[in-house]
Amino acid sequence: MSQPNSWQPGSNVEKDRLEKAEKLAERGIELYPRRVQRTHTTAQAIAAFDAAGEDAAPVTVTVCGRIRRMNIRGRVAFMHIEDDSGRVQLFIRVNDVGEATYEIIKEKLIELDDFVQATGHMMRTKTGEVSVAVQEIVLLSKSLSPLPVIKQKTLDDGTVVEYGEFTDIEARYRQRYADLAVNHGVREVFRKRSRTINAIRAFLDDEEDMLEVETPILQPIYGGAAARPFTTHHNQLDQMLYLRISFELYLKRLLVGGYDAVYEIGRDFRNEGVSYKHNPEFTQIEFYKAYADYNDVMDIAERMVAYVAQKVNGTTRVHYDGHDIELAPPWRRVRLRDAIREASGIDYMAHPDAPALAEAINAISEKPLPPDTTWGRMIDILLSRFVEPNLIQPTFLIDYPRDISPFAKRVDYDDFHVERFEMFIAGMELGNAFTELNDPRDQESRFIDMAQLYAADDDEAAPMDEDYLRAMRYGMPPNGGFGMGVDRLVMLLTGQTSIRDVLLYPHMRDQK
RNA sequence: GGCUCCGUAGCUCAAUGGCAGAGCAGUUGCCUUUUAAGCAAACGGUUGUAGGUUCGAGUCCUACCGGAGUCACCA
């Protein structure tokens, strides 16, 4: 350490630990050594003992991990060390490790939260726990700040009971490392998150033969969704840039280029409010498949979610927020118009303009509509107030009004609706998809419609993406597109009811 | 951004407007098969921040900081 440290111990525990670190250094013990010689994970060590059998020659292992429990008796000590695979008990006797080493343990110079490496043979203690009879123990990393103390007891049936908690939500999010280190189950949520993304990729690559691509996150023109963007700036080019709000327009250009089916898994950024299901940056999967329509996309979507659930949880059933949900296809498909009519009694086709529809809504809902609500927006309000909360089992709502769907192709039965669906599970919107518009002239007029809508609105115009139209004029194959919020799928598969609990680092306000 | 609730020891929580407490962790002892180990003792606080009311504020009031919930925004 060449620079003096500004860090000062903030508690009696930290003061003690700093003193212990100095004592160790005085005894010539390296606090943060370079080399480690692990031969077994804790799980492998136990498995090796079980495989060898009780009467076999001793299995010698070197295991590493963080000390999570200590019980020092006069001349013998027990501790549990934890690594990514689990825990194993160390059995340490002064006779085996020698006076000098035992002193270090007895004085707790090596203590809770430190990382250690232990070498010894596997054995079973009197009370039956498979343990490492330690011959040598080496400090791997000295912990200077105490983690929250959580003790656990494993019952006979294998369930783990915890005593002591680390529940301060703010601290858990701001210091996710501490949350992961001590809270049983949090690491499993994020393992499942990883498996979810792997499974999506496997499904689209192997089952659907799609090509994974990467498109720009920094975009000169944003689009593909209605959301406020984050802005940034390239210094040398003196160029205003937006963080993407969707991948849509860049992916569809690739179908013009000749790929049959492309997908991207990545981060979107939306400069909007945060909630239990909204984070400013979130992970999205979008795919676009040539020669497919929204019916084909529905087939793919329901198979994909079931496939992922099977891979992640080993079942297509999930228990979420008090509901038992079956994800196996086929899912219910209902026209949006019918769903709204059933739930609210309002047939929006009977109220074809904003004032008429507003009157109908105000007649049945106490909540006032925001001023200047457009007709399309009212449809959305009807959907979110009356329909969405009740869509517990997987459901596709299909055929949306054209006004609120600028990238979807018209249905064949009227001029009002487009071939679009949204999918809902557990009262949450998970995905959004269309039979994609591929008529460049129709697309241009939709852009103009949107620009007018936004201009009437407020601060920003919906950007007209001229290059996207140019691409489309070369000819874009008919195609079906799909987008899904991966975080929300992970919530569903892990039983978490807040998006923050499936994001390792959810967005937080600056700490002053 | 509006409204409601919350912020006390490292962690989890108590405390009618009247001496700021407990358990765990840490410290000091005892203990060679414990496992939420145990027993004994001592220690641990600018009650989120800044003001105010009051003889007296963790508690009541105002503002601010942070968090949660909810509404709005999110086609």
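In this text, all values refer to a predicted model and were calculated from it rather than measured experimentally. The figures here come from the full heavy-atom set of this structure, side chains too, leaving out hydrogens, waters and symmetry mates.
When the C1' atom is compared between B:C60 and B:G18, the two are found 15 Å apart, to the nearest whole Å. Spacing of C1' atoms, B:C11 relative to B:U28, comes out at 23 Å, to the nearest Å. Between B:C24 and B:A9, the two C1' atoms lie 12 Å apart (nearest whole Å). The C1' atoms of B:U34 and B:C39 are separated by 15 Å, rounded to the nearest whole Å. Separation of the P atoms belonging to B:U70 and B:A63 is 24 Å when rounded to the nearest angstrom.
When distances run from any side-chain atom of A:Arg174 to the nucleotides B:A75, B:G66, B:U32, the shortest one goes to B:G66.
With A:Asp113 as reference, A:Arg17 is the one residue of A:Arg66, A:Arg68, A:Arg17 to meet the salt bridge (charged side-chain N to carboxylate O under 4.0 Å, His left out) rule.
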Please output the side-chain donor-acceptor pairs of residues 70-81 of chain A that fall under 3.5 Å, not counting sequence neighbours, one pair per line with the distance.
unit_1	atom_1	unit_2	atom_2	d
A:Arg75	NH2	A:Glu99	OE2	2.7
A:His80	ND1	A:Arg69	NH1	3.0
A:His80	NE2	A:Glu129	OE2	2.7

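In this structure, A:Ser275 has no side chain to side chain donor-acceptor pair (under 3.5 Å) partners at least two apart in sequence or on a different chain. With sequence neighbours left out, the side chain to side chain donor-acceptor pair (under 3.5 Å) criterion links A:Lys409 to A:Asn438. A search for ring-ring contact (aromatic ring centres under 6.0 Å, His included) contacts involving A:Phe424 returns nothing, not counting sequence neighbours. With sequence neighbours excluded, the residues that form a side chain to side chain donor-acceptor pair (under 3.5 Å) with A:Tyr348 are A:His417. For A:Tyr163, there are no ring-ring contact (aromatic ring centres under 6.0 Å, His included) partners at least two apart in sequence or on another chain.
Residues A:Glu286 and A:Phe482 form no side-chain contact, since every pair of their non-hydrogen atoms from C-beta on lies 4.5 Å or further apart.
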Listing time: all N or O pairs from protein to nucleotides 33-36 of chain B that are below 3.5 Å?
unit_1	atom_1	unit_2	atom_2	d
B:U33	O2	A:Lys126	N	2.6
B:U34	O2'	A:Asn71	ND2	2.1
B:U34	O2	A:Arg69	NH2	2.7
B:U34	N3	A:Gln89	OE1	2.9
B:U34	N3	A:Gln89	NE2	3.2
B:U34	O4	A:Gln89	NE2	2.6
B:U34	O4	A:Thr125	OG1	2.7
B:U34	O4	A:Thr127	OG1	3.4
B:U35	O4'	A:Arg69	NH2	2.9
B:U35	O2'	A:Arg69	NE	3.4
B:U35	O2	A:Glu129	OE1	2.9
B:U35	N3	A:Glu129	OE1	2.7
B:U35	O4	A:Thr127	OG1	2.1
B:A36	N7	A:Tyr163	OH	3.4

Quick one: which protein N/O atoms are closer than 3.5 Å to N/O atoms of nucleotides 11-13 of chain B? Pair and distance per line, please.
unit_1	atom_1	unit_2	atom_2	d
B:C11	O2'	A:Glu165	O	2.3
B:U12	OP1	A:Thr167	N	3.1
B:U12	OP1	A:Asp168	N	2.8

Would you tabulate the nitrogen or oxygen pairs shorter than 3.5 Å linking the protein to nucleotides 69-72 of chain B?
unit_1	atom_1	unit_2	atom_2	d
B:G69	OP2	A:Arg500	NH1	3.1
B:G69	OP2	A:Arg500	NH2	3.4

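With hydrogens and angles left out, the side-chain atoms of A:Gln284 and A:Asp268 include a donor and acceptor closer than 3.5 Å.
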Strand RNA chain B as a dot-bracket string - pairs counted if Watson-Crick or G-U with both distances under 3.5 Å, | where the partner lies in another strand: (((((((..((((....[..))))..((((.......))))......(((((..]....))))))))))))....
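Between the A:Arg253 side chain and the A:Glu248 main chain, no donor and acceptor come within less than 3.5 Å of each other.
Scanning residues 425-442 of chain A for heavy-atom distances under 4.0 Å to RNA chain B yields an empty list.
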Protein proximity profile, nucleotides 40-50 of chain B - base contact B, sugar-phosphate-only contact S, no contact -, cut-off 4.0 Å on heavy atoms: -----------
